[in-house]
2 protein chains.
Amino acid sequence: MVTVGVMALGKDYATQECSIARALEIVGERWTLLVVRDALYGVRRYNDFLVHLGIPRAVLATRLQMLTEEGILEKRRYQESPPRDEYVATDRGIALWPALRALGRWGREHHGESALRTFHHAECGTELGSYGECPACATVVPVEDVLMAPGPGLDPDPADPVSRALLQPRRLLQPIVVDQV
Amino acid sequence: MVTVGVMALGKDYATQECSIARALEIVGERWTLLVVRDALYGVRRYNDFLVHLGIPRAVLATRLQMLTEEGILEKRRYQESPPRDEYVATDRGIALWPALRALGRWGREHHGESALRTFHHAECGTELGSYGECPACATVVPVEDVLMAPGPGLDPDPADPVSRALLQPRRLLQPIVVDQV
DNA sequence: AGAGTAGGTTCTGTCATTGAACCCACGGCC
DNA sequence: GGCCGTGGGTTCAATGACAGAACCTACTCT
């Protein structure tokens with residue numbers, strides 16, 4: 001991918017020779033990591049991202065396109081007529097789970113909050129350790145075997161239907177089912 | 001006219017009830033994580049951050065102040081006359097290491113690059129896993145026991161003195177010594 | 001006295017983000 | 001057949017963060 005010319009703002013960290021900077025050039029923009037998080041939680045549709053994130057429509061469209069181009073999400077047609085696409089996390093997107101998990105742990109500790117969501121090993125029920133491993137089984141838990149459950153700090157009756165769908169315990173990557181009103 | 005309340009841009013993810021969003025409100029702004037990374041690498045002085053990051057001076061001043069207020073860095077006077085301060089990572093800043101490590105791993109895999117820097121457990125020499133754990137010792141390696149070494153992809157003769165100081169293998173958090181010209 | 005250095009602040013133009021409005025294709029209803 | 005609702009976008013003006021350069025202030029060195 002050859003980018004010619006000056007990219008004055010936003011994305012590049014020109015002088016940085018560092019994998020962290022390379023990563024942040026892609027997922028370091030505002031909203032991007034939250035979109036990926038939602039994709040791992042099972043959100044797939046444009047409209048579901050929209051209401052769950054409270055993100056401006058134009059920004060969401062830009063981010064979805066960029067994440068698709070970078071191979072982090074895959075745009076997949078799920079019906080013709082009218083044409084409708086969903087965005088599903090690829091392996092490359094799933095590989096961001098450790099980073100998201102680490103950020104979430106830090107965010108919780110930083111605020112001294114009670115957990116908003118908890119993550120367990122689906123096979124044995126043990127809560128994941130600091131770095132996404134299962135202390136009981138002594139293995140790194142594959143993302144599809146992570147069971148997400150609401151924690152004590154989470155609002156039990158949120159306004160938007162996506163948040164409501166995420167209230168029940170569920171495995172990561174399982175597509176959410178939004179209750180139609 | 002005083003405008004109260006609405007923070008239109010930048011920092012907050014108002015609707016998000018999520019530890020990851022809480023974390024990103026603090027360390028999700030442009031440059032912020034790179035400043036923390038440099039602090040863990042041992043950079044402490046305003047001028048060293050400046051030349052190593054290539055960040056605008058005003059932005060650096062803002063970030064350092066914010067990170068200090070959030071308790072991620074500590075501003076510490078190291079000489080009077082003229083008054084000079086250095087910025088040192090606190091426990092809260094050091095706790096960001098797993099997230100930085102995970103991002104770095106992902107960035108490297110994403111680009112299929114050879115490693116720019118490698119990180120080992122100083123006690124046993126094993127290279128760290130995705131979250132900064134030692135696969136051999138099966139423990140999370142304390143940051144001060146992480147040995148950083150240049151990888152094959154790193155420029156062997158960088159222009160700025162801070163990058164040169166970071167070329168030799170060193171433990172994280174050890175203050176860098178810049179060769180005066 | 002003059003130059004140099006560390007650590008900033010101020011300024012201006014550019015660009016991304018926001019929020020709202022608009023667009024369009026289809027499907028269902030009556 | 002006309003109308004409305006819905007999913008999935010695009011366009012637009014206003015705002016405000018960022019980049020880069022110039023400037024400022026103490027102090028030290030020569």
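What's counted below: heavy atoms across the whole structure, side chains too, no hydrogens, waters or symmetry copies. Chain letters run A, B, ... following the sequence lines, proteins first, then strands; residues in each count from 1.
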Test applied, side chain to side chain donor-acceptor pair (under 3.5 Å); reference residue, Tyr78(B); option that passes from Arg45(B), Arg44(B), Arg84(B): Arg45(B)

Output the single nucleotide from dG7(D), dT17(C), dG8(C) whose closest atom is nearest the side chain of Arg84(A). dG7(D)

Both Glu86(B) and Pro83(A) contact DNA chain C. Which one's nearest nucleotide lies toward the 5' end? Glu86(B)

Ignoring hydrogens and geometry, is there a side-chain-to-backbone donor-acceptor pair from Glu25(B) to Tyr13(B) under 3.5 Å? yes

Is Tyr87(B) close enough to dG8(C) that one of its side-chain N or O atoms is under 4.0 Å from OP1 or OP2 there? yes

Against the side chain of Lys75(A), the closest entry in dG7(C), dT18(C), dG9(D) is dG9(D)

Nearest whole angstrom, please: distance from the P of dA19(D) to the CD1 of Ile55(B). 7 Å

Counting heavy atoms from C-beta on, name the nucleotide in dC26(C), dG20(D), dT17(C) closest to the side chain of Glu29(A). dT17(C)

With a 4.0 Å cut-off on heavy atoms, is Phe49(A) in touch with a base, just the backbone sugar-phosphate, or nothing at all? nothing

Give the rounded distance in Å between these two atoms: CG of Leu60(B) and P of dG20(D). 14 Å

Whole angstrom value for the distance that separates P of dG9(D) from CG of Leu64(A): 8 Å

Spacing between Tyr46(B) atom OH and dT25(D) atom P, to the nearest angstrom: 16 Å

Nucleotide of dT6(D), dT11(D), dA6(C) approaching Ala58(A) most closely (side-chain heavy atoms): dT11(D)

Tyr78(B) side-chain proximity, nearest of dA6(C), dT17(C), dG8(C): dA6(C)

From dG27(C), dA21(C), dG7(C), nucleotide with atom closest to Arg57(A) side chain: dA21(C)

What is the separation between atom CG on Leu34(B) and atom P on dA19(D), rounded to the nearest whole Å? 11 Å

Out of dA6(C), dG27(C), dG8(C), which nucleotide sits closest to the side chain of Ser81(A)? dG27(C)

Rounded to whole Å, how long is the line connecting atom CZ of Arg77(A) with atom P of dG8(D)? 11 Å

Grab the CG-P distance between Leu53(B) and dC18(D) for me, whole Å please. 14 Å

Would you mind reading off the distance between Glu80(B) atom CD and dC27(D) atom P, rounded to a whole angstrom? 11 Å

Indicate yes or no for a side-chain donor-acceptor contact from Arg101(B) to the backbone of Phe119(B) under 3.5 Å, with no hydrogens or angles considered. no

Ignoring hydrogens and geometry, is there a side-chain-to-backbone donor-acceptor pair from Thr118(A) to Gly151(A) under 3.5 Å? no

N or O in side chain of Arg30(B) less than 4.0 angstrom from dA16(C) OP1/OP2: no

Under 4.0 Å: is that the gap between some side-chain N or O of Trp31(B) and OP1 or OP2 of dA19(D)? yes

Please report the shortest heavy-atom distance between Leu128(B) and Arg105(B), naming the atom on each side. O-NH1, 3.5 Å

By nearest nucleotide on DNA chain D, pick out whichever of Asp48(A) and Thr62(B) is the more 5' one. Asp48(A)

Would you indicate, yes or no, if dG7(D) has its OP1 or OP2 atom less than 4.0 angstrom from a side-chain nitrogen or oxygen of Asn47(A)? yes

State which of dG7(C), dG8(C), dT18(C) makes the closest approach to the side chain of Val59(A). dT18(C)

Who clusters with Leu167(B)? Use side-chain heavy atoms, under 4.5 angstrom, across I, L, V, M, F, W and Y, and order the result by chain and number. Leu116(B), Leu154(B)

Among the nucleotides dC27(D), dG8(D), dT17(C), whichever has the atom closest to the side chain of Pro82(B) is dC27(D)

Quick check on dC18(D): is either OP1 or OP2 less than 4.0 Å from any side-chain nitrogen or oxygen of Arg63(B)? yes

